[in-house]
A.B. asks: 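The structure under discussion is supplied below as structure tokens; questions concerning it will follow.
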Amino acid sequence: NSPIEDCPDPGWVAYWNHAVYLMNKKKIAGVHILFLAPDSFIDELKKPSSGLKQYLDGLTCKELIKARLVSIDFYTKKFNSAFKFSNNMDFGIYGDNMLFIYNSDNHDYGWYIRNSDQIKLYKSFFETVFEEATDL
């Protein structure tokens with residue numbers, strides 16, 4: 001379904017709704033999203049009839065959203081290779097100056113990191129996986 005329906009993370013839903021609002025107001029240049037899915041769902045999610053594709057295509061700011069899809073197994077292998085001592089695989093990068101990493105044990109918590117080498121490391125990881133992912 002859409003990334004909003006049945007999402008257990010109210011913080012992410014609030015962020016997403018605000019990001020869509022800001023994109024519609026031309027205050028955000030764009031968003032890159034990497035959707036992770038089990039291999040068994042990949043083909044279904046790529047279909048034009050999938051709820052996710054229909055949701056993204058229905059947004060008025062859709063031209064500012066670059067969404068890609070990747071196998072969660074592929075992502076996990078890449079993540080474990082890049083970040084050997086972390087299992088906090090859910091993160092968001094906000095430009096070059098802020099990173100938010102969710103606590104994998106409790107998604108109600110996380111860490112904001114500003115202006116550090118960690119931002120560059122996570123951004124490089126994201127860009128590498130994003131380039132290898134399938135367009136939605």
Side-chain angles (χ1 to χ4, degrees):
N1 293 327
S2 81
I4 299 302
E5 286 180 31
D6 302 322
C7 181
D9 183 350
W12 188 87
V13 172
Y15 160 76
W16 176 252
N17 287 333
H18 191 63
V20 168
Y21 168 80
L22 291 173
M23 283 186 283
N24 284 330
K25 296 287 185 182
K26 305 292 187 215
K27 294 185 182 253
I28 291 180
V31 174
H32 290 182
I33 303 170
L34 187 60
F35 288 99
L36 311 179
D39 288 331
S40 59
F41 291 166
I42 297 282
D43 288 336
E44 191 65 33
L45 290 170
K46 290 190 302 188
K47 291 179 181 176
S49 61
S50 80
L52 179 57
K53 280 197 60 88
Q54 288 181 358
Y55 171 80
L56 292 171
D57 289 344
L59 292 171
T60 56
C61 58
K62 68 182 176 185
E63 71 280 354
L64 301 178
I65 299 170
K66 196 172 217 183
R68 295 209 170 161
L69 180 65
V70 69
S71 158
I72 194 163
D73 291 336
F74 174 81
Y75 179 87
T76 301
K77 285 178 189 173
K78 288 282 195 180
F79 186 89
N80 289 338
S81 177
F83 304 99
K84 294 184 187 341
F85 302 106
S86 176
N87 61 347
N88 300 308
M89 294 192 300
D90 192 0
F91 61 91
I93 303 167
Y94 307 93
D96 293 326
N97 299 314
M98 185 157 4
L99 166 69
F100 183 78
I101 302 173
Y102 281 94
N103 182 328
S104 63
D105 296 325
N106 185 343
H107 257 68
D108 290 337
Y109 298 98
W111 305 272
Y112 281 105
I113 299 164
R114 297 172 192 241
N115 299 319
S116 78
D117 289 336
Q118 273 192 300
I119 295 170
K120 292 176 188 153
L121 182 62
Y122 274 82
K123 191 172 182 180
S124 175
F125 167 77
F126 179 86
E127 289 171 351
T128 298
V129 175
F130 194 81
E131 286 302 315
E132 295 181 42
T134 302
D135 279 329
L136 269 176

A.B. asks: Could you tell me which residues satisfy side chain to side chain contact (heavy atoms under 4.5 Å, CB included) with N24, sequence neighbours excluded, listed by chain and number?
C.D. replies: V20, T60, C61
A.B. asks: When rounded to the nearest 0.5 angstrom, what is the spacing between CG in L56 and CD1 in I65?
C.D. replies: 6.0 Å
A.B. asks: Is it the case that one hydrophobic cluster holds both F83 and Y102, taking links as side-chain heavy atoms less than 4.5 Å apart, direct or via other members?
C.D. replies: no
A.B. asks: Out of curiosity, F91 CZ to Q118 CD, how far, rounded to the nearest 0.5 Å?
C.D. replies: 11.5 Å
A.B. asks: Please identify each residue that fulfils salt bridge (charged side-chain N to carboxylate O under 4.0 Å, His left out) with K77, with sequence neighbours left out.
C.D. replies: none
A.B. asks: Suppose we screen for side-chain hydrogen bond (donor to acceptor under 3.5 Å, both in side chains). Which residues come up paired with K47, at least two apart in sequence or across chains?
C.D. replies: E44
A.B. asks: Do Y75 and I93 belong together in a cluster built from hydrophobic side chains that touch within less than 4.5 Å?
C.D. replies: yes
A.B. asks: For the residue pair T134 and I42, establish whether any side-chain heavy-atom pair is separated by less than 4.5 Å.
C.D. replies: no
A.B. asks: Which residues pass the side-chain hydrogen bond (donor to acceptor under 3.5 Å, both in side chains) test with N88, not counting sequence neighbours?
C.D. replies: S104
A.B. asks: Is there a side-chain contact between I101 and I113, using heavy atoms and a 4.5 Å cut-off?
C.D. replies: yes
A.B. asks: Grouping I, L, V, M, F, W and Y whenever their side-chain heavy atoms are under 4.5 Å apart, do M98 and L22 come out in a common cluster?
C.D. replies: yes
A.B. asks: May I ask you to check whether over 12 heavy atoms, not counting those of F130, lie within 6.0 Å of atom CZ?
C.D. replies: yes
A.B. asks: Taking all atoms of both residues into account, what is the closest heavy-atom pair of L45 and A37, and its distance?
C.D. replies: CD1-CB, 3.6 Å
A.B. asks: For residues 60-71, which residue pairs pass the salt bridge (Lys or Arg N to Asp or Glu O under 4.0 Å) check, not counting sequence neighbours?
C.D. replies: K26-E63, R68-D135
A.B. asks: Report the distance from atom CG of L121 to atom CG of L99, rounding to the nearest 0.5 Å.
C.D. replies: 9.5 Å
A.B. asks: OH/Y94 to CD1/I119 distance, rounded to the nearest 0.5 angstrom?
C.D. replies: 11.5 Å
A.B. asks: Side chain to side chain contact (heavy atoms under 4.5 Å, CB included) with F74: which residues, sequence neighbours excluded?
C.D. replies: V70, S71, K78, V129, E132
A.B. asks: Please answer: with hydrophobic residues joined when any side-chain heavy atoms are less than 4.5 Å apart, are F79 and L34 in the same cluster?
C.D. replies: yes
A.B. asks: Kindly check if the number of other-residue, nucleotide or ligand heavy atoms within 6.0 Å of NE2 (H32) is above 12?
C.D. replies: yes
A.B. asks: Go through Y122 and F100 one step at a time and tell me if the ring-ring contact (aromatic ring centres under 6.0 Å, His included) criterion holds.
C.D. replies: CA-CA 10 Å; Y122 274 82; F100 183 78; over 10 Å; no
A.B. asks: First locate atom OG1 of T76, then atom CG of L36, and finally report the distance between them rounded to the nearest 0.5 Å.
C.D. replies: 7.5 Å
A.B. asks: Got F35 and L136 here, is their nearest side-chain heavy-atom distance under 4.5 Å?
C.D. replies: yes
A.B. asks: To the nearest 0.5 Å, how far apart are CG in L69 and CD1 in I33?
C.D. replies: 12.0 Å
